[in-house]
Asks: 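The structure follows.
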Amino acid sequence: MLRTLRSGKWFRGYGQEVAAFERAYAQMTGARFCLATANGTSALLTSLHALDIQPGDEVILPPYTFVATLNVVLLNFALPIFVDTDPDTFQIDARKVEAAITSRTKLLMPVHIGGSAADLDTLIDISKKRGIPLLEDACQAHFGEWRGRKLGTLGVMGCFSFQASKNLNSGEGGAILTDREDLVERCYTFHNNSRPRKYSGSGYVGRGANLRMTEFQGALLQAQMQQLEEQSRVRQRNAATLTKLLDQIGGLVPARVYPGCTGNAYHLFMARYRKEDFSGLSRRTFLKALQAEGIPCSAGYAPLNKEPYIRETLASRGYQAIYPTELLKSWEERTACPANDKLCEEGVWFAQTMFLGTSADMEQIAASVQKIRQHAGELKKAEKTTD
Ligand SMILES: *Cc1c(COP(=O)(O)O)cnc(C)c1O
């Protein structure tokens, strides 16, 4: 960071730090090419441009994700088609993807939510069979794996975030991985205000924006990434311990992983709260009690497909001009996700930083859950009198 500061070269066009990070991240993940971006949202936005997603296109995505996955679809005036969640894994239910495909479908955008993998065997099969590209939103999945290969390298493109909450953190930051040179060059041009890497004259090609990473981010990431492999091992070891302990207690059911997922980044430790195992105690009171025990936790995502702003966007002038009225009318019914609705009422999250500690920390989490389960009846009575 000081080297960058003192060099006075703070823009990737002047310095070497972003380029050095790109080489290192590509090597670390096994991708042929890496392009760094300002953040994960701009990595996704750039990729959607490179894959030629246009107004009138449909994009398949899960409803259990961060809002950015959806926003890049709406920014391109494409139609988001949500496919329901597999409640056992919290991932997009790959078995339901094919039924959601129409002649308008131009992209499959699964998310490796929590850092565990979506069912890539099934999704890649569908992508090949139907000729629809697969973009992995791997913004939570640094160093996650599918059958020994790094997540973000199995689809035609993969996107990452280095925002402050993520497993690899430079405050803000993002990256795109791909094996295709034509795509990485399209991405470069788009994120560099329509100017290709090599150009003559004005050189502008296509639409573009400035979504470049700074040299400070590039320098910080090179230092941060040195710990990533070891930290991934620690998180997985601790998460395996906690899974075992919670399975013994019952009532808080950890998300299962697909057999192909050989590495879980554990950006989130996700579990389902089974109220009936806690004398009917509400999830809200359970989370409050767990926090009172000193365990940071949260309820996780609400159903993204039900956000009122989507309906408002679809009612806007642009969407009304692009899509047939009947198509927009049927959107809500087409994108209903009942399994996800239920899952969102049951979710409990522990954040990745908690898994960088010791196994004693895991025992403390489990002991707190057990304590609440033992006293659930009393808490339930108190819940009634305070409500
Ligand atoms: C964080 C995140 C993003 C967006 O990344 P930013 O760097 O915050 O822009 C996109 N998708 C998912 C699943 C994320 O978790």
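Side chains included, hydrogens not; waters and symmetry mates left out as well; all remaining heavy atoms used. When a ligand or atom number is given, it counts from 1 through the structure's own listing order.
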Asks: Would R197 and Y188 count as a cation-pi pair here, with the cationic atom under 6.0 angstrom from the ring centre and within 45° of the axis?
Replies: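 Judged by the rule (NZ or CZ under 6.0 Å from the ring centre, within 45° of its axis), R197 counts as positioned above Y188.
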Asks: Decide yes or no on side chain to side chain donor-acceptor pair (under 3.5 Å) for N305 and E307, but give the supporting numbers first.
Replies: CA-CA 6 Å; N305 55 323; E307 283 294 332; over 6 Å; no
Asks: Atoms of ligand 1 less than 4.0 Å from S161 heavy atoms?
Replies: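 Checking each atom against S161, I get 1 (C), 5 (O), 6 (P), 7 (O), 8 (O).
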Asks: Hey, could you give me the OG1/OH distance between T189 and Y204, rounded to the nearest 0.5 Å?
Replies: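 Going from OG1 on T189 over to OH on Y204, the span is 12.5 Å.
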Asks: As a check for students: among Q140, H112, M109, identify the option with a heavy atom nearest to atom 15 (O) of ligand 1.
Replies: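 Of the listed residues, Q140 has the closest heavy atom.
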Asks: Would you check, one step at a time, whether the test side chain to side chain donor-acceptor pair (under 3.5 Å) holds for Q224 with S170?
Replies: CA-CA 8 Å; Q224 291 284 77; S170 54; over 6 Å; no
Asks: Which of the atoms of ligand 1 are close to Q163, meaning less than 4.0 Å from one of its heavy atoms?
Replies: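 Near Q163, the atoms of ligand 1 are 7 (O), 8 (O).
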Asks: Applying a heavy-atom cut-off of 4.0 Å, say which part of N39 lies close to ligand 1: side chain, backbone, both or neither.
Replies: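 Answer for N39: both.
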Asks: Taking the six-membered ring of F143, is NZ or CZ of K150 closer than 6.0 Å to its centre and within 45° of its axis?
Replies: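 Yes, K150 sits over the ring of F143.
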Asks: Nearest protein heavy-atom contact for atom 11 (N) of ligand 1: which residue, which atom, what distance?
Replies: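 I find the closest protein heavy atom is D137 OD2, 2.9 Å.
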Asks: Where's the contact between T65 and ligand 1, heavy-atom distance under 4.0 Å: side chain, backbone, both or neither?
Replies: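 Only the side chain of T65 comes within reach of ligand 1.
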Asks: At what distance is the nearest protein heavy atom to atom 9 (O) of ligand 1, and which residue and atom is it?
Replies: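 Scanning the protein heavy atoms, the shortest distance from atom 9 (O) of ligand 1 goes to T41 OG1, 2.5 Å.
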Asks: Would one find an N or O of Y301, backbone or side chain, under 3.5 Å from an N or O of ligand 1?
Replies: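 No, Y301 has no N/O under 3.5 Å of an N/O on ligand 1.
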Asks: Which ligand 1 atoms are under 4.0 Å away from a heavy-atom of V111?
Replies: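 So the atoms of ligand 1 that pass are 13 (C).
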Asks: Tell me the nearest of A43, S165, C139 to atom 10 (C) of ligand 1, using heavy-atom distances.
Replies: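 Considering heavy atoms of A43, S165, C139, the nearest to atom 10 (C) of ligand 1 sits in C139.
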Asks: Out of T105, L108, D125, I101, which one pairs with R130 under the side-chain contact (heavy atoms from CB on, under 4.5 Å) rule?
Replies: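 The residue from T105, L108, D125, I101 that satisfies side-chain contact (heavy atoms from CB on, under 4.5 Å) with R130 turns out to be I101.
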Asks: Less than 4.0 Å is my threshold; does some heavy atom of K166 fall inside it relative to ligand 1?
Replies: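 Contact present.
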Asks: Within a strict 4.5 Å, meaning less than it, do heavy atoms of the T89 and S116 side chains meet?
Replies: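 T89 does not reach S116 side chain to side chain.
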